[in-house]
Engineer: 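Before anything else, here's the structure in question.
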Amino acid sequence: MKKMILRSLACALALAMLTGCGGAGKEGPTESTVAAEADTSGDAAGGNGKDGDGAAALDESGMAKAPSDEQADAAAEGTDLADAPDDEAESGEDTDEAKDQTGTEVRIGSLKGPTSMGLVFLMEMAESGKTTDPYSFTMVTAADELLPKVLSGDVDIALVPANVASTLYNKTEGQVAVIDINTLGVLYGISSDDRIKTMADLKGKTVYTTGKGTTPEHVLRYLLEANGLAEGDVTLEFKSEPTEVAALLAQQPEGIGILPQPFVTVATAQNDALQIVLDLTKEWEALQTADGSSMVTGVTLVRRAFLEENPEAVAAFLEEHEKSAAYAKDQPDKAAELVVKTGIIEKAPVAKAALPYCNITCITGEEMKTALSGYLKVLFDQDPKSVGGALPGDDFYYLGR
């Protein structure tokens, strides 16, 4: 009975956290759907309203809108993660031998998007018995499917949007910690207007984008303001999903759209007139040279109870996650095939084209803390609710590696 109550509360909290995010808390269309629509048949882009990270699409652009304090507190009341049950090569070279996996099983959850693309080599190694500990993977298309599993203890490590991790930390009173940054910014400006070189060049123009009231809007407004553009200098027209923006640009290539990967790759592949004119990650970094923060899409969090009981397993995961992220960057042909194998994207050419722009990484320790804390501070200044009402404490950042 206690377990049933815990699961109900977990589901309530997760749904409350994601209400209003790009369509009922989903991160945009699934990347496999978008990839299929990039087929040479020329079918119009569309989607089913989900993604995972990509758009946090991640909406991995569209990241989740934080709940109201009343919603989250009511859902979290009585939910204690501490009580939840705990049921060799150079990067790019797969030469490890199978290992005697007698250690702790690590249950990993991720979203169907760029963050999972950085996991595909680890999935392959685990399937072949080449990881230090046995891993099981749960990959879902919407964050509201994943968060209840974290809260109930069915998932030990999860790859989620950065602001969702902060919100979860606040609403569970510190029962999760971030162990690495797995994906930097995936937002790009695309247009046929090659006169656009910087954010300042958007003055007087209309920009089509998604994520109203969520992290993409906060990031975009921060970048516009920091580049000297006042309210009204740029018209932001919001659409419900990235595919709507892509469809609009197909008819008006001179327009300007802000899209996440892999939607950018699909849109530019379908229309030769479109090109990337702005990289919002680079725009962010140009403003943050002194503080060293980065635009962060996805992070990897761990349940604190699992971390305290299994520090060696967490350390082993970090080493193997780093190798997997490097593989995605260094071996794009092989990684693209694994992306297709795991069902993230349906066509290898699309996966290969998108990989370099997904900013897959594995940043840990003090570098992680600096990059992530600065990012969350910008979101907090834009809207405190976007990070759960408060900036997380130092114990949010696991520096034990």
Side-chain angles (χ1 to χ4, degrees), residues 27-48 50-55 57-58 60-61 91-94 110-125 127 139 141 182-192 241-247 249-250 253 257-279 281 297-298 324-361:
E27 296 183 283
T30 60
E31 299 179 17
S32 58
T33 299
V34 174
E37 288 157 356
D39 198 314
T40 53
S41 63
D43 292 339
N48 62 7
K50 298 181 181 179
D51 164 26
D53 23 53
L58 263 161
E60 206 171 58
S61 86
S91 65
E93 296 297 331
D94 183 9
S110 64
L111 298 173
K112 198 171 185 179
T115 54
S116 288
M117 290 165 73
L119 277 180
V120 293
F121 183 55
L122 181 59
M123 294 177 181
E124 187 77 359
M125 293 198 326
E127 183 179 329
M139 185 168 61
T141 56
N182 56 58
T183 318
L184 295 175
V186 296
L187 288 171
Y188 295 85
I190 62 173
S191 177
S192 66
E241 296 188 13
T243 49
E244 292 184 60
V245 177
L249 293 176
I258 302 295
L259 285 173
Q261 287 290 356
F263 302 105
V264 169
T265 297
V266 173
T268 54
Q270 290 179 328
N271 190 334
D272 291 340
L274 293 174
Q275 60 183 309
I276 294 175
V277 294
L278 289 172
D279 181 340
T281 301
T297 291
S324 186
Y327 187 92
K329 293 187 292 185
D330 299 341
Q331 298 289 329
D333 290 294
K334 295 179 181 178
E337 294 295 337
L338 293 178
V339 167
V340 172
K341 177 181 177 180
T342 52
I344 301 171
I345 291 178
E346 291 184 0
K347 297 182 182 299
V350 176
K352 181 181 177 181
L355 274 167
Y357 297 98
C358 288
N359 282 327
I360 293 167
T361 189

Engineer: Just one of Pro114, Pro262, Pro260 clears the side chain to side chain contact (heavy atoms under 4.5 Å, CB included) bar with Cys358, so which one?
Structural biologist: Pro114
Engineer: Could you tell me the separation between the NZ atom of Lys352 and the CD atom of Gln331, rounded to the nearest 0.5 Å?
Structural biologist: 11.0 Å
Engineer: Which pair of non-hydrogen atoms, one from Pro253 and one from Leu274, has the smallest distance, and what is that distance?
Structural biologist: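 So the minimum-distance heavy-atom pair works out to O-CD2, 3.6 Å.
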Engineer: Which atoms form the tightest heavy-atom contact between Leu111 and Ser116, and what is the distance?
Structural biologist: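 Leu111 and Ser116 have their closest heavy atoms at O-OG, 2.5 Å.
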Engineer: How close do Ala354 and Thr265 get, heavy atom to heavy atom, and via which atoms?
Structural biologist: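 So the two residues come closest at CA-OG1, 3.4 Å.
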Engineer: Does Phe263 reach the side chain of Val245, with side-chain heavy atoms less than 4.5 Å apart?
Structural biologist: no
Engineer: So does Gly343 get a backbone contact from the side chain of Lys112, meaning a donor-acceptor N/O pair under 3.5 Å?
Structural biologist: yes
Engineer: Working to the nearest 0.5 Å, report the span between CD1 of Ile276 and CG of Leu259.
Structural biologist: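 Ile276 CD1 to Leu259 CG: 10.0 Å, rounded to 0.5 Å.
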Engineer: Specify the closest pair of heavy atoms between Leu249 and Asn271, including all atoms of both residues, with the distance to one decimal.
Structural biologist: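 For Leu249 versus Asn271, the nearest heavy atoms are O-ND2, 3.9 Å.
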Engineer: Mind telling me whether Tyr357 and Tyr188 have parallel, tilted or perpendicular rings, with 30° and 60° as the class edges?
Structural biologist: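 Ring orientation, 0 to 90° scale: perpendicular.
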Engineer: At their closest point, which heavy atom of Ala351 faces which heavy atom of Met117, and how far apart are they?
Structural biologist: O-CE, 4.3 Å
Engineer: Has the side chain of Thr183 got a donor or acceptor atom that lies under 3.5 Å from a matching backbone atom of Asn359?
Structural biologist: no
Engineer: What pairs with Ala250 under side-chain contact (heavy atoms from CB on, under 4.5 Å), at least two apart in sequence or on another chain?
Structural biologist: none
Engineer: Of all heavy-atom pairs between Ala328 and Ile360, which one has the smallest distance, and what is that distance?
Structural biologist: CB-CD1, 4.1 Å
Engineer: I'd like to know if the side chain of Thr297 reaches the main chain of Leu184, judged simply by a donor and an acceptor atom lying under 3.5 Å from each other, with no hydrogens or angles considered.
Structural biologist: yes
Engineer: Determine whether Met139 and Ile344 make a side-chain contact, defined as any pair of heavy atoms from C-beta on separated by less than 4.5 Å.
Structural biologist: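 In short, these two side chains touch, coming nearer than 4.5 Å.
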Engineer: Checking Glu127 now: which residues fulfil side-chain contact (heavy atoms from CB on, under 4.5 Å) with it, not counting sequence neighbours?
Structural biologist: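 Glu127: side-chain contact (heavy atoms from CB on, under 4.5 Å) contacts with Glu124, Lys341.
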